[in-house]
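Contents: one structure, followed by commentary.
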Amino acid sequence: MTIIEQLNTAFGIAGKVTFAYGKGNLVSVRISTNNAIAEISLHGAQLLSYTPKGQQDIIWMSEKSLFEEGKAIRGGIPLCFPWFGPHPVDKAKPQHGFARLQNWEVKEVKETSDEDIVVAMTLQPSEKSLALWPYHFSATAEFIIGDNLEVKLTVTNTGKETFEYSDALHTYFNISSIDTIAIEGLQDATYFDGFGTELKTQNPHLLYFNTETNRRYVNTTSRCVIHDKGFHRKISVAKTGSKVTVVWNPGEETTKTIGDMLPNGYETFVCVEPANAYAGIDMITLAPGQTHTLSTTIKPGK
Ligand code: TA6
């Protein structure tokens, strides 16, 4: 049996859940419910698409993204773990950790009583991961696909030493235009601008974009709403287990330096990322046997 046949035999649900080769021959799972369709790549356990019935995709994917083993996919929901951003001491280590660069294993697929589909994938330490981060862990990514999208990243310390990590659900939202959208939910929150060290406070109720934006809001647990008049929708982004929210759009100039994005790519996405942590603040500490879950619930609405 091929890998695809094995996965379909073990986890497929007729007419609802199918495994197939996707772009670059990376294996993905396609989900179809009464309320939405979605695709999740086993590479990085990365959600590539989530389209509620009758709507545009909620999730943005770069037309120039690579789809290659060991390379980051540009778009969707990259899972950043066990560090977010550059490695705190060794810049040669991969940005945003190794979780998005490895193949995850499918653990469970099931249908709930509400006819939502749940897909769970796991990542365990490997020679590669131990060389980059010498700790024993078990990570599970769980996706609940229905009229809302829920994504959970759960990490357990399976080793004998306490470890610290940071993580993020680096969600690329598909928007009509960066010039007209606004984000609600971060008024009075404090943030680091770019990679700066000075803490600033957001005074306005709504965040608009007219230039490159890379804000790391600390100590915030609040829900954000993306107001998108062009697509006539509001996307609610709630979170748990997260004290940092990152908002990123690279703007015109920085986009020119990003090889896997079209020059105008920045116009149609915004990243709103439930995360822990920035510059060593709000790191997650797990003693042996302890577990932490970072989760988001994304609700499309009018
Ligand atoms: O979340 C924002 C950010 O950390 C930016 O600084 C930017 O570099 C972005 O992530 C994308 O990172 P990547 O490694 O995927 O190019």
Side-chain angles (χ1 to χ4, degrees), residues 2-7 11 19-30 38-50 59-107 119-143 151-156 158-159 163 165-172 246 248 250 254-255 257-262 265 269 271 273 275 294:
T2 64
I3 293 177
I4 299 295
E5 286 166 345
Q6 284 174 27
L7 286 165
F11 301 107
F19 291 81
Y21 286 113
K23 289 190 181 155
N25 271 348
L26 299 180
V27 178
S28 68
V29 52
R30 287 113 199 246
E39 181 176 0
I40 308 163
S41 180
L42 275 57
H43 186 266
Q46 189 156 335
L47 182 116
L48 305 177
S49 163
Y50 166 68
I59 299 295
W60 182 87
M61 180 55 62
S62 171
E63 291 171 50
K64 278 186 80 184
S65 176
L66 301 174
F67 287 89
E68 270 176 47
E69 294 267 344
K71 301 266 169 73
I73 297 171
R74 173 74 64 197
I77 309 188
L79 303 180
C80 305
F81 169 80
W83 57 89
F84 170 73
H87 185 276
V89 280
D90 185 350
K91 305 290 175 261
K93 291 188 176 172
Q95 154 116 329
H96 294 320
F98 52 76
R100 65 174 176 165
L101 307 176
Q102 301 202 356
N103 284 317
W104 290 51
E105 249 179 56
V106 181
K107 182 179 159 196
V119 176
M121 299 184 191
T122 61
L123 183 70
Q124 310 297 334
S126 59
E127 239 172 71
K128 259 191 207 166
S129 79
L130 290 165
L132 291 164
W133 195 64
Y135 298 104
H136 288 268
F137 67 93
S138 170
T140 303
E142 194 181 25
F143 303 86
V151 183
K152 299 178 189 174
L153 175 61
T154 298
V155 176
T156 301
T158 54
F163 61 64
Y165 70 94
S166 57
D167 59 358
L169 307 173
H170 196 309
T171 314
Y172 287 76
V246 179
W248 180 58
T254 296
T255 299
T257 68
I258 304 178
D260 55 1
M261 210 181 268
L262 288 172
F269 81 84
C271 286
E273 313 165 33
L294 164 64

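Sequential numbering from 1 along the given sequence is applied to the chain's residues.
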Quiz item: Between E39 and S28, is any side-chain donor less than 3.5 angstrom from a side-chain acceptor?
Solution: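 Yes, side-chain donor-acceptor contact under 3.5 Å.
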
Tell me the closest heavy-atom pair linking [X] and [Y], and the distance in Å.
X    : Y    : answer
L79  : A141 : CD1-CB, 3.7 Å
R100 : P78  : CD-CB, 4.2 Å
G76  : M61  : N-CE, 3.7 Å
K107 : F11  : O-CE2, 3.5 Å
P88  : K91  : O-NZ, 3.3 Å
L101 : H43  : O-NE2, 3.4 Å

Quiz item: Do the rings of W133 and Y165 sit parallel, tilted or perpendicular, given the 30° and 60° boundaries?
Solution: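 Ring orientation, 0 to 90° scale: perpendicular.
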
Practice problem: Anything under 30° is parallel, anything over 60° is perpendicular, the rest tilted; go ahead and classify H170 against Y172. | Solution: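 Geometry flag for Y172 against H170: parallel rings.
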
Decide yes or no for [X] and [Y]: does some side-chain heavy atom of the first lie under 4.5 Å from some side-chain heavy atom of the second?
X    : Y    : value
T171 : Y50  : no
V155 : F163 : yes
F19  : L42  : yes
L7   : V106 : yes
I59  : F269 : no
L47  : F143 : yes

Atom pair [atom1] ([X]) and [atom2] ([Y]), whose distance is rounded to the nearest 0.5 Å:
X    : Y    : atom1 : atom2 : value
S129 : H136 : OG    : NE2   : 8.0 Å
L123 : T140 : CG    : OG1   : 9.5 Å
S126 : Q102 : OG    : CD    : 4.0 Å
L169 : F81  : CG    : CZ    : 12.5 Å
Q46  : F67  : CD    : CZ    : 8.0 Å
C80  : D167 : SG    : CG    : 8.5 Å

Practice problem: Go through V27 and I4 one step at a time and tell me if the side-chain contact (heavy atoms from CB on, under 4.5 Å) criterion holds. | Solution: CA-CA 8 Å; V27 178; I4 299 295; 3.8 Å; yes

Quiz item: Between H96 and G85, is there a donor-acceptor pair closer than 3.5 Å when you use the side chain of the first and the backbone of the second?
Solution: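 Looks like yes, one N/O pair under 3.5 Å.
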
Self-check item: Where at least one partner belongs to residues 64-84, residue pairs that pass salt bridge (charged side-chain N to carboxylate O under 4.0 Å, His left out), sequence neighbours excluded
Solution: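 Output for this query lists E68-K71, R74-D260.
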
Quiz item: Between I73 and S41, does a side-chain contact (heavy atoms from CB on, under 4.5 Å) hold up when you go through it step by step?
Solution: CA-CA 10 Å; I73 297 171; S41 180; 4.2 Å; yes

Quiz item: Got a sec: does the CD of E105 have more than 12 other heavy atoms crowding it under 6.0 Å?
Solution: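 At most 12 heavy atoms, drawn from other residues, nucleotides or ligands, come within 6.0 Å of this atom.
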
Quiz item: Does atom CD1 of I3 have more than 12 heavy-atom neighbours, drawn from other residues, nucleotides or ligands, at distances under 6.0 Å?
Solution: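 Not buried by this count: 12 neighbours or fewer within 6.0 Å.
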
Exercise. Go through the steps for E273 and W248 under the test side-chain contact (heavy atoms from CB on, under 4.5 Å), then give the verdict.
Key: CA-CA 8 Å; E273 313 165 33; W248 180 58; 3.8 Å; yes

Quiz item: Is there a side-chain contact (heavy atoms from CB on, under 4.5 Å) between L48 and I40 once you walk through the steps?
Solution: CA-CA 5 Å; L48 305 177; I40 308 163; over 6 Å; no

